[in-house]
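One-based numbering along the sequence shown.
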Amino acid sequence: MTLDGHFISRVERSTVRSRYPRTIGRNARLGSHGDGGVDEIVVLHTDTGKSGWGLAAGLVPEDVVGRPVEELIDPANGVREPGLRGLDFALHDLAGHILDLPVHALLGGRGSTTTPCYDGAIYFADLDDAGGVDAVLAHCAADDSADYRAFKLKIGRGNRWMERAEGDARDIEVTRAVRAAYPEHRILVDANDGYDCDGFIEYLKAVADCDLYWVEEPFLDDATDLARLKKHLQGSQTLIAEGESDPDLEPLLEIAAKGDIDVLLMDVVSFGLTSWREVMPRITCQASPHAWGLPLKTLYAAQLAAGLGNVPTVEGVPGTTDGVDTTAYRWEDGNLTVPDRPGFGLTLT
């Protein structure tokens with residue numbers, strides 16, 4: 001694969017607006033997440049008429065005009081310099097367009113092009129709606145109608161918003177209510193570090209019959225506590241997912257190597273596609289890049305899953321992105337299929 005003969009002629013910066021289907025409320029640490037947001041994108045143009053675009057994944061370098069594309073990205077490994085990480089997604093898209101390959105093929109095509117996708121938008125609706133737990137169930141119903149077959153429930157209400165015992169009891173009530181309403185769906189829970197180890201194990205005892213697919217960030221990363229949690233889960237199919245928030249990568253890899261983390265979650269954009277390409281061969285567990293915040297990140301994560309493999313499920317961000325045609329991605333019965341179009345298969349309209 002060669003990118004020879006193509007030079008960057010122009011760098012265009014713009015924004016895209018994401019829209020959730022409803023206002024997304026609080027989690028264990030943060031207030032309302034609103035109804036979407038505006039994020040920066042970068043469009044790269046070449047002297048040969050090719051272009052590629054993507055979310056800005058950090059600081060955007062100003063000195064790439066005139067440089068050969070092959071000096072900026074190696075199709076087999078990713079961007080060539082740390083200072084180019086802000087262009088990670090735009091350069092991968094551009095390389096795909098030049099080589100007439102989808103990004104998942106550039107990444108190696110090691111996974112399935114169809115990946116299960118869970119609903120990441122079930123927050124603390126009960127705290128903002130007089131309907132209480134029924135408000136959470138209403139959000140589940142809306143997303144089930146949108147073809148989601150797995151829900152990730154935010155828990156940890158006792159960390160900030162309710163008295164500890166009352167909040168923990170509500171977490172249990174919500175988990176059991178969703179399981180009763182959706183006996184065939186996968187249920188994941190995410191505490192956003194809103195528990196300590198003792199409290200989280202008590203939560204797990206109370207929902208032991210709810211068949212949780214995974215537990216995410218139950219408490220602040222601690223090797224001893226994660227080992228204790230893993231021991232508690234012995235005999236269970238429930239996975240431990242960690243690494244979203246400010247990951248200290250080397251200690252996390254060591255904990256995973258001991259078997260006390262089952263799924264690593266570093267964010268698909270802030271950690272980056274090139275970083276994922278570098279770290280995936282070192283991972284002894286599974287991976288599922290965090291994608292919350294933008295619907296586009298779900299599509300990026302699905303391309304990563306299809307390209308690198310070792311990703312059992314992808315985080316879904318319900319919603320749309322103004323000015324972006326995403327129709328090449330097929331969504332059906334809880335599964336997301338990536339297209340075989342060049343690059344990410346996303347068109348600015």
Heavy-atom closest pair, residues [X] and [Y]:
X	Y	answer
Val314	Ala305	CG2-CB, 4.2 Å
Trp53	Leu346	NE1-O, 3.0 Å
Ala56	Val269	O-CG1, 4.3 Å
Thr313	Pro116	OG1-O, 3.1 Å
Pro247	Met266	CG-CG, 3.8 Å
Pro61	Gly83	CG-O, 3.7 Å

Could you tell me the separation between the [atom1] atom of [X] and the [atom2] atom of [Y], rounded to the nearest 0.5 Å?
X	Y	atom1	atom2	value
Arg341	His97	CZ	NE2	10.0 Å
Met280	Leu308	CE	CG	5.0 Å
Ile155	Ile172	CD1	CD1	9.0 Å
Thr15	Leu55	OG1	CG	11.0 Å
Leu226	Asp222	CG	CG	7.0 Å
Thr284	Leu264	OG1	CG	7.5 Å

May I ask you to say whether [X] pairs ionically with [Y], meaning some side-chain N is under 4.0 Å from a carboxylate O?
X	Y	answer
Asp262	Lys230	yes
Lys152	Asp119	no
Asp333	Arg149	yes
Arg228	Asp198	yes
Arg13	Glu62	yes
Arg22	Asp143	yes
Asp322	Arg19	yes
Lys231	Asp260	no

Please tell me whether [X] and [Y] have a donor and an acceptor in their side chains that are separated by less than 3.5 angstrom.
X	Y	answer
Arg80	Thr274	no
Tyr195	Glu217	no
Asp88	His92	yes
Asp325	Thr327	yes
Thr238	Ser236	yes

Determine whether a donor-acceptor pair (N or O, by modelled atom type, separation under 3.5 Å) exists between the side chain of Asp248 and the backbone of Pro251.
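Looks like no, no N/O pair under 3.5 Å.
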
Give every residue pair that meets the salt bridge (Lys or Arg N to Asp or Glu O under 4.0 Å) criterion with at least one member in residues 301-312, sequence neighbours excluded.
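Sorted result for residues 301-312: empty, none.
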
Residue pairs passing the salt bridge (Lys or Arg N to Asp or Glu O under 4.0 Å) test where at least one lies in residues 69-79, sequence neighbours excluded:
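Qualifying pairs, neighbours excluded: Arg67-Glu71.
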
Verdict with supporting geometry, His6 and Thr48, side chain to side chain donor-acceptor pair (under 3.5 Å):
CA-CA 6 Å; His6 301 266; Thr48 54; 2.6 Å; yes

Other hydrophobic cluster members with Trp292, side-chain heavy atoms of Ile/Leu/Val/Met/Phe/Trp/Tyr under 4.5 Å, chained?
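Via sub-4.5 Å side-chain contacts, Trp292 links to Tyr20, Ile24, Tyr123, Val317.
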
Yes or no on salt bridge (charged side-chain N to carboxylate O under 4.0 Å, His left out) for Arg26 and Asp128, after CA distance, side-chain angles and deciding distance?
CA-CA 9 Å; Arg26 295 175 263 179; Asp128 299 313; 2.7 Å; yes

After noting the C-alpha distance and the side-chain angles of Asp168 and Arg170, does the key distance pass the salt bridge (charged side-chain N to carboxylate O under 4.0 Å, His left out) rule?
CA-CA 5 Å; Asp168 294 356; Arg170 180 65 63 82; over 6 Å; no

Atom CG of Leu59 with >12 non-hydrogen neighbours under 6.0 angstrom:
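Result for CG/Leu59: open.
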
When the ring centroid of Trp276 is compared with that of Tyr300, is the distance short of 6.0 Å?
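No.
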
Taking the six-membered ring for Trp, is the centroid-to-centroid distance between Phe151 and Tyr182 below 6.0 Å?
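Yes, they do, as the ring centres are separated by less than 6.0 Å.
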
Which label fits Tyr148 and Trp331: parallel for a plane angle under 30°, tilted from 30 to 60°, or perpendicular past 60°?
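Tilted, since the angle between the ring planes falls between 30° and 60°.
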
Residue that, paired with Asp171, satisfies salt bridge (charged side-chain N to carboxylate O under 4.0 Å, His left out) out of Arg157, Arg176, Arg164
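Exactly one candidate clears the test, Arg157.
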
